[in-house]
Amino acid sequence: QYSFARSKMELWGVVALCAAAGLASGDSESVIVGTEANFDDVITTNSFTLVEFYAPWCGHCKALEPEYATAADTLAEKESAVKLMKVDAIANEVLAKRYEVDAYPTLLWFAGDRPPIEFTGGRTSQDIVAWVTKKSGPNPMPVSSIEEAEAARKEFPTAAFGFFESEEGAEFKAYNEAAVMSELAYYIVTNKEVATHFKVSEFPKVIFFPEAGDESVIFDGPWEAKPLHEWSVGQSLPLVIEFTDQTAGKIFDGPLKQHLLMFLKKSSDDFEGIVNGMKTSAANFRGRLLYIYVDGDANDNGRILDFFDLSRDDLPAYRLIDMESQMLKYAPEAGADTAAETLSAFATAFFDGSLKPHLKSQATPPDWDAKPVKVLTSSNFEQVALDDAKHVLVEFYAPWCGHCKQLAPIYDELAEAYEHDDSVVITKMDATENELARVNIESFPTIYLFPKGAKSTAKPEDFSKTYKVYEGERDLAGFLSYLEAETGVSGRRSKQAGNEQPDSGNGDNGAGHEEL
């Protein structure tokens, strides 16, 4: 699914592959069926073409189909120059390879003879129409009469209107730059009659019209492109948004990277009351924090619950995740209710820095230090790895990781080689069950050396300087050479090890990684 499996940094996203893909069907004569025979002709004879590469068995593609068809019909009714085409990537393998399609659906935008770009809009028909209309027209779009303004409001109910006395100045430039950054509809007004119609008498001014039913909002931030863009996106989203296949793009690709997630069951009697409480709280943090609810009744959302260390028996429950800060997750105190006031206090604590991350951790086993390779958990990590008097090598692994399993006997030998000197400690930590606030792991195995020195007192901004990434060969000789150079302590090889080079089994000296 286009970008949901990018990496741990895009997720609570590793879970987005499990988005509820309702298998609806839809077809339209307005959607061109592309093949290897007609593809190039369609692209060259049309100024703008959005192409969906799909697989017949793909659930996400089936969910998109009716929205895509409706968007094509809407564009055809408007006599738009934009055409929508779909290509079966399985039956047209040559085309799929030409455009490096390896996930479904993949949507590409073709404009003239320029290289195609990835479609980054939402998955509803309205989102698709808005995105292609903006890409194919002037940006921002000028409005010169009341009639044009009313037509624009009808066509794109969710839009920004910028009112200026003239098309010059720093504010005008910032608004134009924000329009280029955004997928939303931006209009520009310099006509005084139109401004009066919108009850605007002071310039410059930006008014955003959110979803139907919400009151318009006036921009009161700094006149800079990025704040304008982020503000408009924040205003464009509903106060509370459900996590679905259609909304996932807005959730993950938007500028709001702090999310408050409510896990609840739609079938529960208190569902409506909890969502209304979320809306009340969300109004205080609009443009700063995205409020999302996840339906615990949906089987496909089970992996999302697992990611947040929750079960269906825990619902309703809520968490906050900061996608810009090592995917840190935050949980309320045990027994906290879901009232609007409680949610707002929780969000306030996050923004003022008083909320501590909720870290997944195993219980430290009583015999964690009984074997040459010491076992770390979130609970004893700082005590062991940040011991200022010791050099500590840490392997962050996953139980299912093939490369980690290949490394295990070599790592055991390495630990045995250093049992004679307690200033060098060889450790491992199951990173799928233990999380650290200051260490981000994106692939397995990841190996860090925490050399002796002032580690325990390092400031947060300097913590990355307390460890070194091991990037050498994953054989015994490579580890021994590295540690001797870094610590000054030589490891003692067993006679059995001799000069053998353990085979990683994959032809790359064990240097592979498995992504999260």
Side-chain angles (χ1 to χ4, degrees), residues 1 4 11-24 59-60 62-64 66-67 122-124 211 213 237-252 254 256 258-286 289-323 327-347 349-350 355 357-360 433 435:
Q1 176 76 9
F4 296 151
L11 182 93
W12 49 278
V14 50
V15 301
L17 286 167
C18 301
L23 303 185
H60 294 289
K62 293 176 181 178
L64 176 63
E67 298 292 337
R123 296 300 179 94
T124 67
E211 62 177 351
L237 294 171
L239 282 173
V240 176
I241 186 169
E242 180 182 5
F243 175 75
T244 67
D245 191 44
Q246 286 71 36
T247 62
K250 289 184 177 181
I251 290 171
F252 295 120
L256 297 183
Q258 289 75 37
H259 302 163
L260 191 153
L261 297 102
M262 179 70 69
F263 300 89
L264 74 174
K265 298 178 181 179
K266 279 188 172 181
S267 60
S268 65
D269 293 337
D270 55 358
F271 169 76
E272 188 174 338
I274 291 175
V275 172
N276 285 337
M278 290 179 70
K279 290 179 179 178
T280 300
S281 175
N284 300 317
F285 299 93
R286 195 165 201 168
L289 183 63
L290 188 57
Y291 281 62
I292 304 160
Y293 72 84
V294 180
D295 182 13
D297 285 331
N299 290 331
D300 285 339
N301 288 336
R303 284 182 62 189
I304 305 177
L305 290 170
D306 291 341
F307 180 75
F308 285 91
D309 202 21
L310 292 169
S311 71
R312 287 183 169 85
D313 293 336
D314 297 322
L315 308 188
Y318 56 95
R319 296 289 186 268
L320 193 151
I321 186 166
D322 186 352
M323 295 176 67
M327 298 296 293
L328 291 178
K329 293 173 279 190
Y330 299 82
E333 294 181 1
D337 59 43
T338 58
E341 297 81 5
T342 307
L343 296 178
S344 293
F346 181 63
F350 168 74
L355 203 60
H358 175 71
L359 301 174
K360 195 174 181 180
E433 294 293 335
E435 298 173 330

Mind checking the CG-CG spacing from Leu237 to Leu290? Nearest 0.5 Å is all I need.
5.5 Å

How long is the straight-line distance from CG of Leu328 back to CZ of Phe350, given to the nearest 0.5 Å?
8.5 Å

Not counting sequence neighbours, which residues clear side chain to side chain donor-acceptor pair (under 3.5 Å) with Asp322? List them please.
Gln258

Can you list the residues that meet the side chain to side chain donor-acceptor pair (under 3.5 Å) rule with Asp314, with sequence neighbours excluded?
Ser311

Can you tell me how far the CZ atom of Phe308 sits from the CZ atom of Phe263, to the nearest 0.5 Å?
4.5 Å

Any chance you could measure Leu289, atom CG, to Asn284, atom CG, to the nearest 0.5 Å?
11.0 Å

Given the options Asn301, Asp295, Leu261, Phe243 meets side chain to side chain contact (heavy atoms under 4.5 Å, CB included) only with Asn301

Sequence neighbours excluded, the answer for side chain to side chain donor-acceptor pair (under 3.5 Å) partners of Asp306 is none

List for me each residue that meets side chain to side chain donor-acceptor pair (under 3.5 Å) alongside Glu242, sequence neighbours excluded, and say none if there are none.
Lys266, Tyr293

Distance col, row Leu239:CG vs Tyr291:OH, nearest 0.5 angstrom, shows 10.0 Å

For the residue pair Phe252 and His259, categorise the inter-ring angle as parallel (less than 30°), tilted (30 to 60°) or perpendicular (more than 60°).
tilted

What distance separates Asp309 CG from Lys329 NZ, expressed to the nearest 0.5 Å?
7.0 Å

List the atom pairs, with distances to 0.1 Å, where a side-chain N or O of residues 337-347 and a protein N or O form a donor-acceptor pair under 3.5 Å, not counting sequence neighbours.
{"from": "Asp337", "atom 1": "OD1", "to": "Ala339", "atom 2": "N", "distance (Å)": "3.1"}
{"from": "Asp337", "atom 1": "OD1", "to": "Thr342", "atom 2": "OG1", "distance (Å)": "2.4"}
{"from": "Ser344", "atom 1": "OG", "to": "Ser281", "atom 2": "OG", "distance (Å)": "2.9"}
{"from": "Ser344", "atom 1": "OG", "to": "Ala340", "atom 2": "O", "distance (Å)": "3.1"}

The complete set of salt bridge (charged side-chain N to carboxylate O under 4.0 Å, His left out) pairs with one or both residues in residues 267-276, sequence neighbours excluded, reads none

Residue set satisfying side chain to side chain contact (heavy atoms under 4.5 Å, CB included) with Lys265, at least two apart, ordered chain then number -> Ser267, Ser268, Asp297, Arg312, Leu315

